[in-house]
Amino acid sequence: MKMRKLVICLHVSADGFVAGPNGEMDWIHVDDEIFDYAGYLTDEADTALYGRITYEMMDSYWPTAADQPGASKHDIQHSTWYNSVNKVVLSKMLKGNLEKTRFVNENINEEIKKLKEKDGKNILMFGSPTAVHSLMEFNLIDEYWMFVNPVILGEGKKMFDSVREKINLTLVEAKSFAAGVVGLHYKKA
C-alpha cells in the first residue's frame with residue numbers, strides 16, 4: 001500500500017523564523033506568482049492539517065472568500081479547495097468534530113500515522129508552526145515547502161526549534177520569485 005505524504009508549507013524569514021515574537025506575520029510576502037506556484041500543493045492534496053491558531057484564522061476567511069465582491073482568482077481557487085477537503089486540526093482546546101473537520105487532542109503520532117495510511121491524496125499543512133514542531137518531533141513530515149522571505153527578524157518563533165535529531169533532506173527544487181522570495185522544496189531523504 002502506498003502511504004500518503006504529509007507536506008508542510010511555511011513562510012520563513014532569512015534567519016529561520018516563522019513568526020515574529022508576538023506571532024506577527026506581516027513580514028510574509030505573497031502575490032499571484034507565489035500563489036500560482038503553490039497551487040500545485042492544493043491540487044495534490046485532499047486533506048488539510050492545521051494547528052488550532054492557523055485553523056481558526058483560515059476558517060474565519062476561506063469558507064466564504066470566493067463569494068466576496070472582487071474575489072481574486074486565488075481566493076476563488078483556494079476557497080473552493082478549502083470547502084471541499086477534509087480538515088484535521090491538532091488542538092488541545094478544540095474538541096469534538098464538525099462536518100469535514102476532525103479535532104485531534106491526543107496521540108498525535110498515532111493519529112497522523114493512521115491518516116497517512118488511508119487512501120487518498122497528500123495531507124497538506126499550511127503554517128501552523130507549533131503543530132509542525134510536534135510533527136517534526138515524531139518525524140512524520142515527508143516534504144517541506146519553505147518560502148524564504150527577504151527579511152531578518154532577529155527574534156520570534158523558530159522554524160526548527162523542536163528538532164533534536166538530524167533530518168536528512170533532498171532538494172527537489174529551488175525557485176526565485178520576482179519579489180525576492182525563494183521557494184525551497186525538500187523531501188525527506
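Here, residue 1 is the first one in the sequence, and each next residue gets the next number. Computed from a predicted model, the values in this text were never measured in an experiment.
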query: Between Glu56 and Met93, does a side-chain contact (heavy atoms from CB on, under 4.5 Å) hold up when you go through it step by step?
result: CA-CA 12 Å; Glu56 288 174 339; Met93 296 175 63; over 6 Å; no
field: For Tyr37, ring pair (Phe, Tyr, Trp, His ring centres under 6.0 Å) partners two or more places apart
entry: Trp145, Phe177
For [X], look at atom [atom1] and say whether over 12 heavy atoms of other residues, nucleotides or ligands are found less than 6.0 Å away.
| X | atom1 | value |
| --- | --- | --- |
| Lys92 | NZ | no |
| Ile76 | CD1 | yes |
| Ile108 | CD1 | yes |
| Glu165 | CD | no |

- prompt: Below 4.5 Å, heavy atoms only, C-beta onward: do Glu143 and Ile8 meet side chain to side chain?
  reply: no
message: Taking the side chain as everything from C-beta on, heavy atoms only, tell me whether Lys158 gets closer than 4.5 Å to Val18.
response: no
- prompt: Under the criterion side chain to side chain contact (heavy atoms under 4.5 Å, CB included), which of Met136, Lys188, Lys5, Lys187 is the partner of Ile141?
  reply: Met136
I'd like to know if the side chain of [X] and the backbone of [Y] have a donor-acceptor N/O pair within less than 3.5 Å.
| X | Y | value |
| --- | --- | --- |
| Asn107 | Glu110 | no |
| Trp81 | Ala45 | yes |
| Asp75 | Ala65 | no |
| Ser91 | Arg52 | no |
| Glu33 | Ala178 | yes |
| Lys100 | Ser84 | yes |

Cluster check [X], [Y]: I/L/V/M/F/W/Y, side chain < 4.5 angstrom:
| X | Y | result |
| --- | --- | --- |
| Leu169 | Val12 | yes |
| Leu49 | Tyr40 | no |
| Val89 | Leu10 | no |
| Ile152 | Met159 | no |
| Val7 | Val172 | no |

Exercise: identify the closest heavy-atom pair between [X] and [Y]:
| X | Y | answer |
| --- | --- | --- |
| Gly51 | Ala131 | CA-CB, 3.9 Å |
| Glu155 | Pro21 | CG-CG, 3.5 Å |
| Asn83 | Trp62 | ND2-O, 4.1 Å |
| Gly127 | Val132 | O-CG2, 3.5 Å |
| Ser176 | Val182 | OG-CG2, 4.3 Å |
| Ser13 | Asp15 | OG-OD1, 2.5 Å |

Cation-pi geometry met for Lys175 and Phe147 (6.0 Å, 45°): no
Rounded distance [0.5 Å steps], [atom1] in [X] versus [atom2] in [Y]:
| X | Y | atom1 | atom2 | value |
| --- | --- | --- | --- | --- |
| Ser72 | Asp32 | OG | CG | 6.5 Å |
| Leu140 | Ile123 | CG | CD1 | 9.5 Å |
| Ser79 | His74 | OG | NE2 | 10.0 Å |
| Tyr186 | Asn168 | OH | CG | 12.0 Å |
| Leu41 | Met125 | CG | CE | 13.5 Å |
| Asn139 | Asp142 | CG | CG | 8.5 Å |

message: Apply side-chain contact (heavy atoms from CB on, under 4.5 Å) to residues Leu90 and Leu135 and explain how you reach the verdict.
response: CA-CA 10 Å; Leu90 305 180; Leu135 298 170; 4.3 Å; yes
task: Tell me yes or no: between the side chains of His11 and Asn149, is some donor less than 3.5 Å from an acceptor?
output: yes
field: Flag for Tyr50-Asp59: side-chain donor and acceptor within less than 3.5 Å
entry: no
- request: Verify whether the ring centers belonging to Phe126 and His78 lie closer than 6.0 Å.
  value: yes
- prompt: Can you check side-chain contact (heavy atoms from CB on, under 4.5 Å) on Lys116 and Ile112, steps first, answer last?
  reply: CA-CA 6 Å; Lys116 289 175 74 170; Ile112 299 304; 4.1 Å; yes
- prompt: Given the rule in the side chain to side chain donor-acceptor pair (under 3.5 Å) test, do Arg4 and Thr47 qualify, once you have shown the distances and angles that lead to the verdict?
  reply: CA-CA 10 Å; Arg4 297 166 76 188; Thr47 302; 2.6 Å; yes
task: Could you label the plane-to-plane angle of the Tyr144 and Phe160 rings as parallel, tilted or perpendicular, counting under 30° as parallel and over 60° as perpendicular?
output: tilted
message: Using 30° and 60° as the class boundaries, would you call the ring planes of Tyr55 and Phe103 parallel, tilted or perpendicular?
response: perpendicular
task: Start with the C-alpha gap between Met58 and Tyr82, add the side-chain angles, then the distance that decides, and say whether side-chain contact (heavy atoms from CB on, under 4.5 Å) holds.
output: CA-CA 9 Å; Met58 296 291 209; Tyr82 183 87; 4.0 Å; yes
task: Taking side chain to side chain donor-acceptor pair (under 3.5 Å) as the test, write out the residues that go with Lys73, two or more places apart.
output: Asp36
- prompt: Do Glu117 and Lys113 meet the salt-bridge criterion of a basic N to acidic O distance under 4.0 Å?
  reply: no
